[in-house]
Amino acid sequence: MTVLRILSDGRFHSGSSVGETLGISRAAVWKTVQKLQQEWQVKINAVSGRGYQLATPLELLDKGAIVAAIQPQYRDQLPELHILSSVDSTNRYALDQVMKGSATGLAVLAEHQTAGRGRRGRNWVSPFGRNLYLSLVWKFELDARHLSGLSLAIAVAILRALVKLDIEGVGLKWPNDVLWQEKKLGGVLLEMRGEANGPWLIVIGIGMNVNMEAVDANAIDQPWVDLQTIQGRHIDRNLLAGVLLDELIQAVSSFQQSGLASFLSEWREHDICLNCPVALHFPNRVQQGIARGIDADGALLLETDGIITPYHAGEVSLRVSPHGR
């Protein structure tokens, strides 16, 4: 039990009652509240005579609830599940734990990240208790060439989890962005350690906008959306985390056996770039063309001047709306 868990119901709690529950002084409660507000940007109302109250209730991550949402046959493949209040990056923490001896299959979730990252080193906005910040470590007995489509398979696994939760209209943008009506909903960041011929230890990092508040998103530099907006209601983060881990475990096991093949049809069905003019960004240049889908290895097929070329790297931006194609 922590101060934040006591306050998570959104009701007023006096400093003395919180201190009595936790066996600490009122002054210690006050210091904790200050830390929550200053370091984690948790908004807490303090009213004389009434006590402390979260400005909006929080549903904190709960290991039991998350595991309950994973099918029994996949729970054994998740030997460790760490839930953190705050961390710089779930990916970095997960990799550190494996380097210290944790088994592959380790999953890490955090309420808050201080240095969450997106693709190309971008900052991933990570307000406390609002979204999903998840990392899963998996060992692949594959050479580097056969791992090229993994990020696409992970994006499809996210799509499958969202469909299970009745969230429709989700699209995929190469190589691994999850969007809704052209607005960013989630993303994937893979970090790899290994030798060219394998095995590879891969940290699969996922960020998902769940119950975001507009003020928390001021630092986001692109159109975005969260699941709460899509569904018109508060989203159960524990259920989402469990269903997502369930689909991820199935996906990495399938990819280990047969590569991208079992994910291709779903990717192509939800590819928002298909047959659209796009710009493919590299560190030192931009290649424009028409996106013609993906090949069997997950490479983007880009048509320029009538010639179709596969690309395994780069970042896609849509130059015109894909609607009406």
Side-chain angles (χ1 to χ4, degrees), residues 40-41 58-61 66 81-95 106-138 150-162 165 167 170-180 182-192 202-231 235-248 251-252 315-316:
W40 297 351
Q41 288 77 55
L58 285 175
E59 176 209 9
L60 298 178
L61 296 170
I66 293 170
L81 174 59
H82 295 194
I83 298 178
L84 311 175
S85 294
S86 183
V87 70
D88 56 354
S89 159
T90 57
N91 267 24
R92 185 209 55 76
Y93 175 91
L95 187 59
L106 164 73
V108 179
L109 287 138
E111 299 284 7
H112 175 245
Q113 291 185 124
T114 59
R117 290 167 293 148
R119 298 188 72 234
R120 300 171 69 89
R122 291 190 182 93
N123 177 57
W124 188 272
V125 177
S126 308
F128 189 96
R130 297 293 174 193
N131 299 328
L132 204 64
Y133 321 118
L134 181 156
S135 294
L136 175 68
V137 183
W138 209 262
L150 178 60
S151 63
L152 283 77
I154 299 304
V156 171
I158 296 172
L159 173 73
R160 291 172 177 174
L162 295 176
L165 297 174
I167 298 163
V170 175
L172 303 177
K173 180 167 75 73
W174 188 89
N176 51 27
D177 282 344
V178 181
L179 294 91
W180 186 82
E182 301 177 46
K183 297 176 181 178
K184 186 74 168 281
L185 176 61
V188 179
L189 179 65
L190 302 184
E191 298 190 72
M192 306 167 65
I202 299 185
V203 184
I204 301 164
I206 296 173
M208 181 75 62
N209 299 331
V210 184
N211 297 310
M212 186 91 87
E213 294 187 314
V215 67
D216 294 323
N218 289 336
I220 299 178
D221 61 358
Q222 61 181 306
W224 66 274
V225 71
D226 63 357
L227 295 176
Q228 180 175 242
T229 299
I230 295 171
Q231 293 295 86
I235 301 298
D236 184 333
R237 291 192 305 142
N238 289 304
L239 176 61
L240 172 63
V243 172
L244 182 53
L245 281 168
D246 186 283
E247 288 294 338
L248 287 174
V252 293
E315 182 173 1
V316 168

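Along the sequence shown, residues are numbered consecutively beginning with 1.
- Using a 4.5 Å heavy-atom cutoff, the side chains of Arg92 and Val87 are in contact.
- At a threshold of 4.5 Å between non-hydrogen side-chain atoms, the residues His82 and Tyr93 count as touching.
- By the side-chain hydrogen bond (donor to acceptor under 3.5 Å, both in side chains) test, Ser151 pairs with no residue at all, sequence neighbours left out.
- Remark: Ala155 pairs with Leu172, Asn176, Trp267 by the side-chain contact (heavy atoms from CB on, under 4.5 Å) rule, at least two apart or across chains.
- His112 pairs by the side-chain hydrogen bond (donor to acceptor under 3.5 Å, both in side chains) definition with Ser86, not counting sequence neighbours.
- With values rounded to the nearest 0.5 angstrom, Glu191 atom CD is found 5.0 Å from Leu189 atom CG.
- Looking at every heavy atom in both residues, Leu109 comes nearest to Ala241 through CD2-CB, 4.2 Å.
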### Message
Pair Ile204, Leu134 - check side-chain contact (heavy atoms from CB on, under 4.5 Å), show working.
### Response
CA-CA 8 Å; Ile204 301 164; Leu134 181 156; over 6 Å; no
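- Considering all non-hydrogen atoms of both residues, Ala251 and Ala153 come closest at CB-O, 4.5 Å.
- At a threshold of 4.5 Å between non-hydrogen side-chain atoms, the residues Leu60 and Phe128 count as touching.
- Across Ala94 and Leu106, no two heavy atoms sit closer than the pair O-CD2, 3.6 Å.
- One distance of note links CG of Leu132 with CD1 of Ile158; it measures 9.5 Å at 0.5 Å rounding.
- Remark: the backbone N or O of Val108 is not paired with any side-chain donor or acceptor of Tyr133 at under 3.5 angstrom.
- A distance of 7.0 Å separates CG of Asn211 from CZ of Arg130, quoted to the nearest 0.5 Å.
- Note that CG of Asp246 and CD1 of Ile66 are 13.0 Å apart. Values are rounded to the nearest 0.5 Å.
- Listed by chain and residue number, nothing satisfies the salt bridge (Lys or Arg N to Asp or Glu O under 4.0 Å) test with Asp236 (two or more places apart in sequence, or in another chain).
- Under the 4.5 Å side-chain criterion, counting only non-hydrogen atoms from C-beta, Val137 is not in contact with Leu95.
- With hydrogens and angles disregarded, a donor-acceptor distance shorter than 3.5 Å links the side chain of Glu111 to the backbone of Leu61.
- Taking CD1 of Ile83 as the reference point, atom OG1 of Thr90 lies at 12.5 Å (rounded to 0.5 Å).
- Looking at Leu165 and Ile235, their side chains never come closer than 4.5 Å, going by heavy atoms from C-beta outward.
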### Task
Dump the intermediate steps for side-chain contact (heavy atoms from CB on, under 4.5 Å) on Leu159 and Val178, then the final yes or no.
CA-CA 8 Å; Leu159 173 73; Val178 181; over 6 Å; no
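- For the side-chain hydrogen bond (donor to acceptor under 3.5 Å, both in side chains) test, residues two or more places apart in sequence or in another chain that qualify with Asn238 are Glu59.
- Among residues two or more places apart in sequence or in another chain, the side-chain contact (heavy atoms from CB on, under 4.5 Å) test is passed with Ala161 by Val243, Leu244, Glu247.
- The minimum heavy-atom distance between Ser135 and Val203, with the atom names listed, is CB-CG1, 4.1 Å.
- With contacts defined as side-chain heavy-atom distances shorter than 4.5 Å, the pair Asp177/Leu185 does not qualify.
- With rounding to the nearest 0.5 angstrom, the CG atom of Asp226 is 14.0 Å from the NZ atom of Lys184.
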